[in-house]
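Here is the structure we will look at.
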Amino acid sequence: GKTSSFIYPNLDDRIKNGHGILIFNYKGSEDKAVKFFADKHRRLEDVIEIGVPWGVHINLISAMNEKELKSFVVSLMSMKAENDYFSESGSNLVVTIWKSIKAYIEIIEEADKINNKKSYLGTVVKFKLPTALTFAEIANICKSTVSIASFHNKVIKLSERFEKTLNSKIEEWLERHDEVVVKNKYLDLMTSVLHNKDIVETGMKSLDVFSDSLEGSKNSSMTTLIMSMSTTFASVADNNAFNSEDGLDLAHELDQGKIIIINSQEISSVVLGSLVSSTLQELSKRVRQTKINPVSVFIDEAQRVLAGGGGSIDLHTDVCRASFIEIFLSFQNYSLMQNAIGELNFKALILNLVSSYHFKNGVVVDDL
């Protein structure tokens, strides 16, 4: 009776009061209840679905930080040991590529602010490098040792080209404008270019090991790693619903009062756990805002939805109240929940609970 006695009455009340709603449809029937309550309170147009053929697409890693991305890759490769060679190497490789793409995309964004995006974006396209930061793009780079080496080689040349282009523009402007004016115009772009250069020269040193593959040399351990990654990444990388460049920003939509249903049956627990953690992380930043729309997160069968994080999923319970976020969790027992989110996160969760309701199983089992 947890769903009908606890989840539904609170869901009805929060929809009635205009809350942003995030609900995980694990049983497969919650979408009908959500739409019923939304229609009842004239909010059916606010409903958004993810994980169904007619649903919207998202960019799975757009809101992830470095720690969350690394944890996501480790969980995806299903290797829990902290010193496991494949999980550590694979996650470090993905994070390195992620940092590199993120750095040169920031340059394009800064160039756009001074109406010079076309030049920088065109250079990235010319080098045949990703113009969007999605898991599918990273997985494509990691499909072979040769593709990684090629990526590394291209970003080095890209960094050199960006620096040369910027210096040329600055020199051109200095001929016609005061140095202070030039500095004010190009300071942010210059900072991004220098940051990208630092990433390429120092942060990507670990990719040097792949350079020999362009000359036909093979590294057996690296080849095995790449094969393992290609196999495990396929389920996420090949799903367009998680790799949209202009995908829906879950935190933003919830902040605007949307009602988001995630069809959990068709999505792995690793992806679900990452969605929960990264979305709550983004929503927690609302503590800086003066006007905040309340957001209610409903996770029925929480021990299953959160099971894919290997104990690393952070529910950010320490900042939920200040950010006007409330989380409704329904689960079978404490032990299952502790295994799902880890001992430390479970303790934090219990200490931050406002209310706890226990439902007794009415089935009597005769003594054997």
- Message: Are Y334 and F346 an aromatic pair, judged by ring center distance below 6.0 Å?
- Response: yes
- Query: Hey, does L349 have a side-chain heavy atom less than 4.5 Å from the side chain of I327?
  - Reply: no
- Would I325 and V354 show up in the same hydrophobic cluster when neighbours are defined by side-chain heavy atoms closer than 4.5 Å? no
- Query: Backbone N or O of K2 within a donor-acceptor pair of the S5 side chain at under 3.5 Å?
  - Reply: no
- Message: Run the side-chain contact (heavy atoms from CB on, under 4.5 Å) test on V276 and F24 for me, step by step, so that the C-alpha distance in whole Å, both residues' side-chain angles and the decisive distance to 0.1 Å come before the verdict.
- Response: CA-CA 10 Å; V276 172; F24 292 83; 3.3 Å; yes
- With the 4.5 Å side-chain cut-off for hydrophobic clustering, are L336 and F331 part of the same group? no
- Note on the structure: Residues P9 and S4: closest non-hydrogen pair is CD-O, 3.4 Å
- Give, for atom CG of L121 and atom CD of E109, the distance between the pair rounded to the nearest 0.5 Å. 11.0 Å
- Query: Is L166 close to I107 at the side-chain level, that is, under 4.5 Å between some pair of heavy atoms?
  - Reply: no
- About how many Å separate CZ of F86 and OG of S228, when rounded to the nearest 0.5 Å? 6.0 Å
- Test side-chain hydrogen bond (donor to acceptor under 3.5 Å, both in side chains) on H41 and D12 and set out the steps. CA-CA 9 Å; H41 301 297; D12 182 24; 2.6 Å; yes
- Message: With a 4.5 Å cut-off on side-chain heavy atoms, are I199 and T96 touching?
- Response: no
- Query: Does the pair F151 and F210 meet the rule for a ring-ring contact (aromatic ring centres under 6.0 Å, His included), with working shown?
  - Reply: CA-CA 10 Å; F151 171 80; F210 294 96; over 10 Å; no
- Within-4.5 Å side-chain heavy-atom neighbours: Y104 and F162: yes
- Nearest heavy-atom contact between V295 and D255 is CG2-N, 4.5 Å
- Message: For G273, is there any backbone N or O sitting under 3.5 Å from a side-chain donor or acceptor partner on S277?
- Response: no
- Looking only at atom types and distance, does a side-chain atom of T231 sit under 3.5 Å from a main-chain N or O of M227, one as donor and one as acceptor? yes
- Query: Where is the tightest heavy-atom contact between A111 and L189, given as atom of each residue plus distance?
  - Reply: N-CD1, 4.0 Å
- Going through the checks in order, is the side-chain contact (heavy atoms from CB on, under 4.5 Å) test met by D188 and S192? CA-CA 6 Å; D188 291 339; S192 295; 5.6 Å; no
- Message: Test: ring-ring contact (aromatic ring centres under 6.0 Å, His included). Region: residues 253-307. Which pairs qualify, not counting sequence neighbours?
- Response: F298-F328
- State yes or no: do V193 and W173 share one hydrophobic cluster built from I, L, V, M, F, W and Y residues joined by side-chain heavy-atom distances below 4.5 Å, directly or via other members? yes
- Item | Main-chain N/O of E163 paired with N167 side-chain donor or acceptor, under 3.5 Å | yes
- Do the side chain of N243 and the main chain of V236 share a donor and acceptor less than 3.5 angstrom apart? yes
- Query: Do any N or O atoms from the side chain of R43 and from the backbone of I15 form a donor-acceptor pair under 3.5 angstrom?
  - Reply: yes
- Task: Examine distances only and state if a side-chain atom of S150 and a backbone atom of V146 form a donor-acceptor pair shorter than 3.5 Å.
- Result: no
- Matching residue for E49 among K32, K35, K258 - test: salt bridge (Lys or Arg N to Asp or Glu O under 4.0 Å): K35
- Is the shortest distance from a Lys or Arg side-chain nitrogen in E282 or R286 to a carboxylate oxygen in the other one below 4.0 Å? no
- Item | OG-CG distance between S62 and L250, expressed to the nearest 0.5 angstrom | 7.5 Å
- From NZ (K67) to OG (S91), nearest 0.5 Å: 13.5 Å
- Query: Any side-chain heavy-atom pair from F72 and L60 closer than 4.5 angstrom?
  - Reply: yes
- Query: Under a 4.5 Å cut-off applied to non-hydrogen side-chain atoms, are I21 and V34 in contact?
  - Reply: no
- Check for a donor-acceptor pair, side chain of S284 on one end and backbone N or O of Q281 on the other, with a separation under 3.5 Å. yes
- Message: Looking at K154, I want to see if its NZ is surrounded by more than 12 non-hydrogen atoms of other residues, nucleotides or ligands under 6.0 Å.
- Response: yes
- Do L187 and I114 belong together in a cluster built from hydrophobic side chains that touch within less than 4.5 Å? no
- Query: Under 4.0 Å between a Lys/Arg side-chain N and an Asp/Glu carboxylate O for E110 and K113?
  - Reply: yes
- Task: Can you see which heavy atom on A237 is nearest to which on A139, and at what distance?
- Result: CB-CB, 3.6 Å
- Spacing of L248 atom CG and H57 atom NE2 [to the nearest 0.5 Å]: 11.0 Å
- Sidechain-backbone polar pair: S119 side chain, N116 backbone, donor-acceptor under 3.5 Å: no
- Query: Crowded around R176 CZ? As in, over 12 foreign heavy atoms under 6.0 Å?
  - Reply: yes
- Task: Decide whether T134 and N59 meet the rule of one side-chain donor and one side-chain acceptor closer than 3.5 Å.
- Result: no
- Spacing of OH belonging to Y8 relative to OG1 belonging to T3, to within rounding of 0.5 Å: 6.0 Å
- Flag the pair E30 / L11 as yes when at least one side-chain heavy-atom distance between them is below 4.5 Å, and no otherwise. no
- Query: So which heavy atom on R321 is nearest to which on N352, and how close?
  - Reply: NH2-O, 3.0 Å
- Note on the structure: Here the pair of heavy atoms bringing P130 nearest to V124 is O-CG1, 3.7 Å
